[in-house]
Amino acid sequence: QVQLVESGGGLVQPGGSLRLSCAASGFTLDGYTISWFRQAPGKEREGVSCISSSTGYTYSADSVKGRFTISRDNDKNTVYLLMNSLKPEDTAVYYCAAKSARMCGSNWYRNALMYDYWGQGTQITVSA
């Protein structure tokens, strides 16, 4: 059974940090481009960061650039999102998604329809 499972969410104060994990089972992430999305209440799902399969090249949305870092460990079949300097506006459910592709595309990585597999999401709340 193909699954992506996110973990690491929770409540954090503004300025704090969290690291999310996205663990794959039933398939190997090697050969898949992985992205993190988030969805806040009443808003559309937003692409946050993407990491390519072949090169490890990454893209990040302007709203998180310099604060969030996406990385992958293919040996552990896991992708991570390190989030620093968190802000209340980062509050959302965070999802990881996998697409069978070697490279992120700047013109499509933020399109949720492009992905093959999704995790169930993990809640991040940034509040004092």
Novice: Taking all non-hydrogen atoms of both residues, which atom of Ser63 and which atom of Arg38 are closest, and how far apart?
Specialist: OG-NH2, 3.5 Å
Novice: Checking the side chain of Asn77 only, and the main-chain atoms of Leu29 only, is there a donor and an acceptor separated by less than 3.5 Å?
Specialist: yes
Novice: Look only at the side chain of Thr78 and the backbone of Ala23, and say whether a donor-acceptor pair between them is shorter than 3.5 Å.
Specialist: no
Novice: Can you tell me how far CZ of Phe37 sits from CD of Glu44, rounded to the nearest 0.5 angstrom?
Specialist: 11.5 Å
Novice: Counting N and O atoms only, with roles assigned by atom type, does the side chain of Tyr109 sit under 3.5 Å from a partner on the main chain of Ile51, one being a donor and the other an acceptor?
Specialist: no
Novice: For Phe27 and Tyr32, take the angle between the two ring planes, folded into 0 to 90°, and tell me which bin it lands in: parallel under 30, tilted 30 to 60, perpendicular over 60.
Specialist: perpendicular
Novice: Decide, yes or no, whether a salt bridge links Asp62 with Lys65 under the criterion of side-chain N to carboxylate O below 4.0 Å.
Specialist: yes
Novice: Can you classify the ring geometry of Trp118 versus Tyr95 as parallel (below 30°), tilted (30 to 60°) or perpendicular (above 60°)?
Specialist: perpendicular
Novice: Would you name the heavy atoms of Ser49 and Ser60 that are closest together and state the gap between them?
Specialist: OG-OG, 3.0 Å
Novice: What's the shortest heavy-atom distance between Glu6 and Thr122, and which atoms?
Specialist: CB-CG2, 3.9 Å
Novice: Look up atom CD in Gln3 and atom SG in Cys22, then write down how far apart they are to the nearest 0.5 Å.
Specialist: 11.0 Å
Novice: Does CD in Glu89 sit with more than 12 non-hydrogen atoms of other residues, nucleotides or ligands closer than 6.0 Å?
Specialist: yes
Novice: Within the distance-only criterion (no hydrogens, no angle test), does the side chain of Ser52 pair as donor or acceptor with the backbone N or O of Cys104 below 3.5 angstrom?
Specialist: yes
Novice: Rounded to the nearest 0.5 Å, what separates atom CD1 in Ile34 from atom CG in Leu4?
Specialist: 6.5 Å
Novice: Does Asn74 offer a backbone N or O that forms a donor-acceptor pair with the side chain of Asp30 under 3.5 Å?
Specialist: no
Novice: Quick one: does Thr33's side chain have a donor or acceptor within less than 3.5 Å of a partner on Ala101's backbone?
Specialist: yes
Novice: Enter the distance from Trp36:CH2 to Cys50:SG here, rounded to the nearest 0.5 Å.
Specialist: 13.0 Å
Novice: Does some side-chain heavy atom of Met83 sit less than 4.5 Å from a side-chain heavy atom of Val64?
Specialist: no
Novice: Between CZ of Arg67 and CG of Asn84, what distance do you get to the nearest 0.5 Å?
Specialist: 9.0 Å
Novice: Would the distance check show the side chain of Ser53 and the main-chain N or O of Gly31 forming a donor-acceptor pair, the cut-off being under 3.5 Å?
Specialist: yes
Novice: Would you give the length of the straight line joining atom CZ of Phe68 to atom CG of Leu86, rounded to the nearest 0.5 angstrom?
Specialist: 5.0 Å
